[in-house]
Amino acid sequence: MYDYAPSVMEDGRYRMWWCSQLSGGAVAGDDILYAESACPCGPFTAPGGGQHVRVFDGTATGWDQHTCDPSVLRVDGTYYMYYGGSRDGSPELTQIGVATSANGLQWRRLNQGRPIIAPAFEVDRPNKYGAGQPSAVYLGGKFHLLFTDATGRGALSNGAGQFAWRSADPTFQSGVEVFTATGWQPKAAGNDRSFSVLNGFSVDWHYSDALQAFVVASNGPNATGTVLEFLDRNDLRVHPYPNGLLPGTYTEGPGLVSKPDKHARVAPQGECGRVPIDGIQSTANEPPHSLGHFGFDLLTGRTCADLTNSQVATLFNGYGIQAPGLPATFITGARRLQLQELGVYTALAGNRVNVSSQTFHQIPYGASLHSGVPAVQATGKFPGYLLDDGNLWPVTDQRILTANGSPVTTISLQEYDSYPKGPALRHAWQ
């Protein structure tokens with residue numbers, strides 16, 4: 001039995017997808033399993049308890065008989081899972097695919113079930129792995145993807161190396177930019193596997209809004225720990241901070257515990273200068289198994305007052321915040337949505353922290369949602385709240401309306417469409 005390559009999301013609980021195998025699958029081969037916990041230290045169980053569950057299986061006749069190395073994130077209420085797939089005896093080696101889900105449990109393959117990234121076959125090396133081990137981050141309206149390609153000309157002689165692409169298209173079939181020796185460039189023949197941003201296999205990354213940098217975790221020297229490297233947001237050739245080491249014995253690549261959009265989390269203390277670094281990875285070998293948790297807090301020496309208001313708002317985006325004597329507030333679209341009903345706050349905010357009143361007021365005001373305020377609806381549209389910022393905020397889950405005690409009134413489609421739209425309000429467990 002093996003367990004490795006976890007992708008871990010903090011979303012009110014710790015949700016983990018990883019590569020393993022359970023009997024009874026559709027086809028023999030690697031599966032992607034799921035479990036969750038109240039703590040990154042575990043224990044991880046199926047929802048409601050019990051043994052972990054298979055959520056993504058290989059295909060009987062397609063290119064991805066084996067599915068492994070998941071990287072899961074959520075954007076605008078939709079889950080995306082990037083994964084490596086391969087087939088026994090296939091000349092195409094490992095390739096990368098992507099699937100989507102409404103809840104992280106039932107998945108549908110995108111790109112008509114075809115791989116989104118195939119090996120470049122630019123160099124024939126002894127390592128015949130192919131293109132895989134993807135790690136995805138959502139930043140600035142684009143999906144950013146790191147991946148290995150042992151056949152790319154920018155890889156090392158042993159196939160190690162990490163290529164970086166980005167696109168607003170989650171399938172990376174259009175509008176793709178690739179990182180090259182001269183920076184980000186439109187994808188073109190010959191440049192997409194030309195430059196490796198760092199050496200290593202099976203890495204994971206996320207973006208730290210506190211550090212304004214990517215944090216990349218990879219296997220360290222002599223299995224003594226996980227190396228942390230920091231890459232500049234705009235220029236991946238620049239390392240703005242010295243490398244760090246997350247101590248702990250490992251046998252396969254790490255998974256960084258991240259916010260749903262694959263950004264670094266906020267510390268439970270609500271401090272802007274404290275960056276939690278938690279990793280989960282296999283600790284025993286032959287084959288890799290026994291997932292374990294390692295972590296520490298990285299102290300930057302800064303406070304929220306040292307950051308701009310925009311930086312503070314981005315750091316807390318997606319969190320519920322509470323400050324003494326101030327309304328319970330959900331941060332969305334980097335603005336404060338102040339709430340009167342505690343049930344709505346709980347429904348919207350899977351992750352919640354306490355902050356100072358100063359930090360609260362650094363985040364720009366967005367709107368207030370008062371208890372019992374009516375929602376409006378038009379044919380074929382989600383209900384929405386007309387709030388004091390003049391925007392209509394769509395509500396994608398009836399549970400939010402119920403928690404707020406809101407009746408729903410019908411308006412014309414023309415009137416509904418005439419209002420500028422605020423961020424959509426989604427239930428945290430959706």
Side-chain angles (χ1 to χ4, degrees), residues 1-59 64-75 77-86 96-110 113 132-138 170 202 204 206 252-262 265 278-283 287-293 350-351 426-430:
M1 184 62 177
Y2 51 89
D3 299 281
Y4 65 95
S7 180
V8 192
M9 176 187 298
E10 183 188 26
D11 192 20
R13 55 202 161 159
Y14 294 88
R15 310 187 66 187
M16 182 168 69
W17 298 259
W18 76 99
C19 183
S20 188
Q21 194 172 49
L22 286 179
S23 61
V27 296
D30 299 327
D31 303 317
I32 293 173
L33 307 188
Y34 172 82
E36 58 189 46
S37 175
C39 173
C41 56
F44 281 84
T45 69
Q51 188 183 23
H52 42 258
V53 294
R54 178 192 302 106
V55 294
F56 198 71
D57 208 346
T59 57
D64 54 353
Q65 171 191 353
H66 302 278
T67 57
C68 199
D69 297 309
S71 180
V72 180
L73 71 170
R74 190 178 71 224
V75 177
T78 297
Y79 292 82
Y80 297 89
M81 178 170 63
Y82 294 87
Y83 67 96
S86 64
I96 297 173
V98 62
T100 188
S101 172
N103 57 14
L105 301 176
Q106 290 83 34
W107 295 90
R108 178 180 62 88
R109 288 166 168 82
L110 298 183
Q133 301 178 334
S135 178
V137 174
Y138 189 74
S202 192
D204 194 25
H206 64 197
E252 185 61 43
L256 289 170
V257 182
S258 307
K259 290 164 60 174
D261 56 3
K262 208 69 184 300
R265 298 170 298 138
D278 289 272
I280 295 179
Q281 57 194 130
S282 56
T283 60
H289 62 282
S290 298
L291 294 175
H293 164 249
N351 299 325
R426 300 178 172 87
H427 198 282
W429 309 119
Q430 186 170 301

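- No option in Thr100, Thr59, Asp64 other than Asp64 meets the side chain to side chain donor-acceptor pair (under 3.5 Å) test with Arg109.
- The shortest heavy-atom contact between Asp30 and Cys19 is CB-SG, 4.1 Å.
- Contact between Ala5 and Asp69 at its shortest, heavy atoms only, is CB-OD1, 3.1 Å.
- Not one N or O on the side chain of Thr67 forms a donor-acceptor pair closer than 3.5 Å with the backbone of Gly85.
- The CG atom of Leu33 sits 7.0 Å away from the CG atom of Asp3 when rounded to the nearest 0.5 Å.
- Checked by atom type and distance alone, the side chain of Gln281 never pairs as donor or acceptor with a backbone atom of Pro6 at under 3.5 Å.
- Nearest approach of Ser202 to Gln133, heavy atoms of both residues: N-OE1, 2.8 Å.
- Counting heavy atoms from C-beta outward, Met16 and Ser37 have side chains that stay 4.5 Å or more apart.
- Between the Tyr82 side chain and the Pro170 main chain, a donor and an acceptor come within less than 3.5 Å of each other.
- Counting heavy atoms from C-beta on, the side chains of Met81 and Val55 never come closer than 4.5 Å.
- Here the side chain of Arg54 pairs a donor or acceptor atom with the backbone of Leu22 at under 3.5 angstrom.
- Formation of a donor-acceptor pair under 3.5 Å by the Ser20 side chain with backbone atoms of Tyr2 is found in this model.
- The two residues Tyr80 and Trp107 have their closest heavy-atom pair at C-CZ3, 3.9 Å.
- Ser7 places a side-chain N or O within 3.5 Å of a backbone atom of Val72 that can act as its donor or acceptor partner.
- Ring pair Tyr34/Trp17 is tilted by interplanar angle, where 30° to 60° counts as tilted.
- With rounding to the nearest 0.5 angstrom, the CZ atom of Arg265 is 9.5 Å from the CG atom of Leu256.
- No donor-acceptor distance shorter than 3.5 angstrom exists from the side chain of Ser101 to the backbone of Tyr79, with no hydrogens or angles considered.
- Between Tyr4 and Ser282 the shortest heavy-atom distance is CB-OG, 4.0 Å.
- In terms of modelled atom types and a separation under 3.5 Å, the side chain of Asn103 and the main chain of Leu105 share a donor-acceptor contact.
- A side-chain donor-acceptor contact under 3.5 Å links Asn351 to the backbone of Glu10.
- Closest non-hydrogen pair, Asp204 versus Pro254, comes out as CB-O, 3.3 Å.
- The backbone N or O of Gly29 lies less than 3.5 Å from no partner atom in the side chain of His66, so there is not a single donor-acceptor pair.
- In this structure the side chain of Val137 never reaches within 4.5 angstrom of the side chain of Leu73, judged on heavy atoms.
- Between Arg74 atom CZ and Asp261 atom CG the span is 9.0 Å, to the nearest 0.5 Å.
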Q. Can Ser71 and Lys262 be said to form a side chain to side chain contact (heavy atoms under 4.5 Å, CB included), step by step?
A. CA-CA 9 Å; Ser71 180; Lys262 208 69 184 300; 3.8 Å; yes

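- Using modelled atom types and a 3.5 Å distance limit, the side chains of Tyr14 and Asp278 yield no donor-acceptor pair.
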